[in-house]
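Below: one structure, written as C-alpha cells.
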Amino acid sequence: MDNHNYKNKLKMDSLPKHIAIIMDGNGRWAKQKQQSRSFGHKAGSKALERIVKAADSLGIAHLTVYAFSTENWKRPKEEVNALMKLLSQYLNQYLKDTKDNNVKIDVIGDITKFDEEIQRKIEKIQELTLKKNGLNLHIALNYGSRDEMTRAVKKIVTDVMESKIDLNSIDDSLISSYLDTKEIPDPDLLIRTSGEKRISNFLLWQIAYTEFYFTDKLWPDFDENDLYKAIFEYQNRERRFGTI
Ligand code: IPE
Ligand code: IPE
Ligand code: MG
C-alpha cells in the first residue's frame with residue numbers, strides 16, 4: 001500500500017495538458033469479488049466519475065477515456081447489452097448533472113453503430129456542454145484507432161478526388177485534422193490499469209511521443225491518489241522528442 005499523498009508533490013505549473021486512460025480490469029475486479037462482470041462495469045463507471053472530478057479540480061485540460069472499443073462488440077451478447085445499458089444510464093446521469101459542473105464532453109469513435117437513443121443522448125450532451133470551460137472529457141465509444149484512421153483515409157481520398165485538397169498538402173498535421181481527435185492536443189500521459197501492457201488499438205497515431213504509465217490497480221479501485229501518483233511520475237521523466 002502506498003500511503004504517500006502525491007497531490008502535494010505535484011508541480012502545478014507543469015501538469016500534463018492531456019491524459020488518456022485505458023480503463024481496464026472491471027471484469028477481474030468483479031471476479032475477485034465473485035460478482036458478475038456487469039457489477040464490475042458499474043464500479044468502473046463510479047471510478048470514472050471520481051477521476052473526472054479529480055482531473056477537473058486539478059486543472060487538467062483534456063482527459064480521454066477508453067470506454068468501449070471496436071473489438072468489444074465481440075464479447076458475449078449479455079455483456080455487450082449490460083455495457084449498453086450502463087452507458088445509457090451514465091449518459092442520463094450526465095444529462096441531469098450537466099448544470100452542476102463545468103465539464104465539456106465529446107465522444108470519439110464511430111457512434112453510428114449505437115442505437116438511435118444512445119446516439120441522441122450523446123449529441124444532446126455534447127450540445128449542452130459545448131460552452132463549458134472546465135475539463136474537456138473525451139469519451140472513446142466504439143473507438144478503434146485503425147477504424148479512425150481508415151475513416152480518415154477514406155475522407156482524405158474523397159477530398160483529393162473532389163479537388164478540395166491537393167495531394168501535396170498531405171502532411172502529418174493534415175492527417176491529424178481528419179482524425180476524431182482533430183481538436184485535441186496529443187496525450188502527454190497514457191495510463192493503463194490492470195497490469196496489461198498493451199495499447200489495444202487506442203490512439204495509435206496520437207501517442208507518438210506520449211509517456212506510458214502502467215499500474216496493476218484494477219480500474220474500479222483506481223482513485224484520486226493513483227491519478228496524482230501517475231502525474232507525479234510523469235513529471236519526473238525527461239521527454240526528449242527525438243532531440244538530445
Ligand atoms: C474494461 O474492463 C472495460 C471494458 C473493456 C468495457 P474489462 O471488461 O476489460 O475487464 P477485464 O480486463 O476483463 O478484467
Ligand atoms: C481495452 O480493454 C478497451 C477498453 C478499456 C474500453 P480490453 O480489455 O478490451 O483490451 P484487451 O482485450 O485486453 O486487449
Ligand atoms: Mg480488459
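In what follows, every heavy atom counts, from backbone to side chain, and hydrogens, waters and symmetry copies are set aside. Predicted model, so just to flag it, every value in this text is computed and none were measured. When a ligand or atom number is given, it counts from 1 through the structure's own listing order.
- For the Mg ion (ligand 3), protein N/O/S neighbours under 2.8 Å (waters excluded) are D24 OD1.
- Residue R198 approaches ligand 2 through these ligand atoms, each under 4.0 Å from one of its heavy atoms: 11 (P), 13 (O), 14 (O).
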Inset, instruction - List the steps, then state whether ring pair (Phe, Tyr, Trp, His ring centres under 6.0 Å) holds for Y90 with Y94. - result: CA-CA 6 Å; Y90 187 84; Y94 240 102; 5.6 Å; yes

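- Note that CG of L179 and OG of S145 are 7.5 Å apart. Values are rounded to the nearest 0.5 Å.
- Ring planes of Y209 and F241: tilted class, angle from 30 to 60°.
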Please tabulate, one line per pair, the protein nitrogen or oxygen atoms found under 3.5 angstrom from a nitrogen or oxygen of ligand 1, with distances to 0.1 Å, or say none if there are no such pairs.
residue  : atom   : partner : partner atom : Å
ligand 1 : 2 (O)  : G25     : N            : 3.4
ligand 1 : 2 (O)  : N26     : N            : 3.2
ligand 1 : 8 (O)  : R37     : NH2          : 2.9
ligand 1 : 8 (O)  : R75     : NH1          : 2.7
ligand 1 : 9 (O)  : D24     : OD1          : 2.9
ligand 1 : 9 (O)  : R75     : NH2          : 2.9
ligand 1 : 10 (O) : N26     : N            : 3.1
ligand 1 : 10 (O) : G27     : N            : 2.9
ligand 1 : 12 (O) : D24     : OD1          : 2.8
ligand 1 : 12 (O) : R28     : NH2          : 2.7
ligand 1 : 13 (O) : R37     : NH1          : 3.2
ligand 1 : 13 (O) : R37     : NH2          : 2.9
ligand 1 : 14 (O) : G27     : N            : 3.3
ligand 1 : 14 (O) : R28     : N            : 2.7
ligand 1 : 14 (O) : R28     : NE           : 2.7

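- The only option from R37, K42, K31, H41 that meets the side-chain hydrogen bond (donor to acceptor under 3.5 Å, both in side chains) definition with N26 turns out to be H41.
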Inset, instruction - Could you please spell out the steps behind the salt bridge (charged side-chain N to carboxylate O under 4.0 Å, His left out) verdict for K96 and D100? - result: CA-CA 9 Å; K96 270 207 293 186; D100 308 321; over 6 Å; no

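- A distance of 8.0 Å separates CZ in F212 from CD1 in I22, rounded to the nearest 0.5 Å.
- The minimum heavy-atom distance linking Y66 with S200 is given by the pair OH-O, 2.9 Å.
- Using a 4.0 Å heavy-atom cutoff, R192 is listed among the residues neighbouring ligand 2.
- When each of N136, T210, D186, T64 is checked for a side-chain hydrogen bond (donor to acceptor under 3.5 Å, both in side chains) with H18, only T64 meets the rule.
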Inset, instruction - Take E233 and R237 through the salt bridge (charged side-chain N to carboxylate O under 4.0 Å, His left out) test and state the conclusion after the steps. - result: CA-CA 7 Å; E233 182 165 325; R237 293 192 191 170; 2.8 Å; yes

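- To the nearest 0.5 Å, the span separating CZ on R192 from NZ on K197 amounts to 10.5 Å.
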